[in-house]
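A short worksheet on the structure shown next.
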Amino acid sequence: IRSKEAYVLDLSGPVGSAAVQAPSLISFVLTIHGKAAHAGFEPEKGIHAIQIAADAIGSIQMGHVEEDTTVNVGEISGGTGTNIVPERCEVRGEIRSYVHEKALEQMNRMEEIFRTSAGRYGGDEPRVSGGNGHLRTFALVLPGEAIFRLGGGAYLRRIASDGAFA
């Protein structure tokens with residue numbers, strides 16, 4: 001969508017506040033494929049997809065990886081039973097950065113870490129989805145004391161050098 005003006009009604013904080021910057025957001029799903037086997041009789045014939053995911057996740061820096069960039073793995077799911085070496089595991093998370101290129105770099109780094117772990121244990125190349133569906137960074141460049149007209153005749157006036165509005 002292209003527009004000269006837009007209102008985004010997704011902001012936490014006091015009523016009447018406004019955001020002047022938002023990060024790029026990459027939500028991802030990494031799917032690891034191993035090989036199922038009976039865990040009690042022939043576990044050596046399996047390739048443990050959850051173990052591959054755990055190895056990779058243990059190598060990923062989480063939280064603030066840079067001042068303006070965060071990485072988080074928030075969901076892990078896999079396996080079909082306690083007596084089966086898990087054939088599949090999904091890892092879901094997100095990357096946010098105020099510098100779009102840094103978010104993309106983190107996604108590439110994460111994919112490489114998962115590829116390395118899969119290779120270490122004999123798993124298939126991990127499949128990535130969602131890594132290309134991302135929201136881009138935006139920032140408003142504001143003059144000293146800017147006044148913004150909002151819908152319904154309301155106005156916001158920048159009153160502080162840190163970007164706060166009243």
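Owing to the predicted nature of the structure, the values given are computational and were not obtained by experimental measurement.
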What's the spacing between [X] [atom1] and [Y] [atom2] if we round to 0.5 Å?
X: Glu75; Y: Glu94; atom1: CD; atom2: CD; answer: 10.5 Å
X: Glu87; Y: Ile32; atom1: CD; atom2: CD1; answer: 13.0 Å
X: Leu104; Y: Ser24; atom1: CG; atom2: OG; answer: 7.0 Å
X: Ser59; Y: Phe114; atom1: OG; atom2: CZ; answer: 9.0 Å

Please examine the side chains of [Y] and [X], heavy atoms only from C-beta on, and report whether any two atoms are closer than 4.5 Å.
X: Ile57; Y: Ile76; answer: yes
X: Asp55; Y: Arg120; answer: yes
X: Phe28; Y: Arg92; answer: no
X: Thr69; Y: Tyr98; answer: no

| task | Provide the closest heavy-atom pair for Ile50 versus Pro86 in the form atom of the first, atom of the second, distance. | result |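 Here Ile50 and Pro86 meet closest at CD1-CG, 3.6 Å.
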
| query | Minimum heavy-atom separation for Ala49 to Gly34, with atom names? | reply |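 Closest approach of Ala49 to Gly34: CB-N, 3.9 Å.
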
| query | Can Val85 be reached from Ile52 by stepping across I, L, V, M, F, W or Y side chains whose heavy atoms are under 4.5 Å apart? | reply |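 Cluster IDs for Ile52 and Val85 differ.
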
| query | According to a 4.5 Å side-chain heavy-atom criterion applied to Ile, Leu, Val, Met, Phe, Trp and Tyr, with indirect links allowed, do Leu30 and Ile47 form part of one hydrophobic cluster? | reply |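 Same hydrophobic cluster.
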
| task | Please check if the side chain of Ser97 supplies one atom and the backbone of Asp68 the other of a donor-acceptor pair under 3.5 Å. | result |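 Yes.
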
| query | Do side-chain atoms of Thr116 reach the backbone of Glu112 as a donor and acceptor pair under 3.5 angstrom? | reply |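 Yes; judged by distance alone, with no hydrogens or angles, the pair exists.
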
| task | Salt-bridge test for Glu105 and Lys102: reply yes if a basic N is under 4.0 Å from a carboxylate O, no otherwise. | result |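 Between Lys102 and Glu105 there is no salt bridge, as every charged N stays at least 4.0 Å from the carboxylate O atoms.
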
| message | Any carboxylate oxygen within less than 4.0 angstrom of a Lys/Arg side-chain nitrogen, looking at Glu90 and Arg88? | response |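 Looking at Arg88 together with Glu90, the answer is yes, because their closest N to O distance falls below 4.0 Å.
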
| field | Worked verdict on Val91 versus Val29 for side-chain contact (heavy atoms from CB on, under 4.5 Å) | value | CA-CA 6 Å; Val91 176; Val29 179; over 6 Å; no

| Over 12 non-hydrogen atoms of neighbours within 6.0 angstrom of CD in Glu67 |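 For Glu67, atom CD is not crowded (no more than 12 foreign heavy atoms under 6.0 Å).
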
| request: Could you go through the side-chain contact (heavy atoms from CB on, under 4.5 Å) check for Val71 and Gln61 one step at a time? | output: CA-CA 7 Å; Val71 172; Gln61 183 181 352; over 6 Å; no

| task | Give every residue pair that meets the ring pair (Phe, Tyr, Trp, His ring centres under 6.0 Å) criterion with at least one member in residues 39-96, sequence neighbours excluded. | result |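 Sorted pair list: His38-Phe41.
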
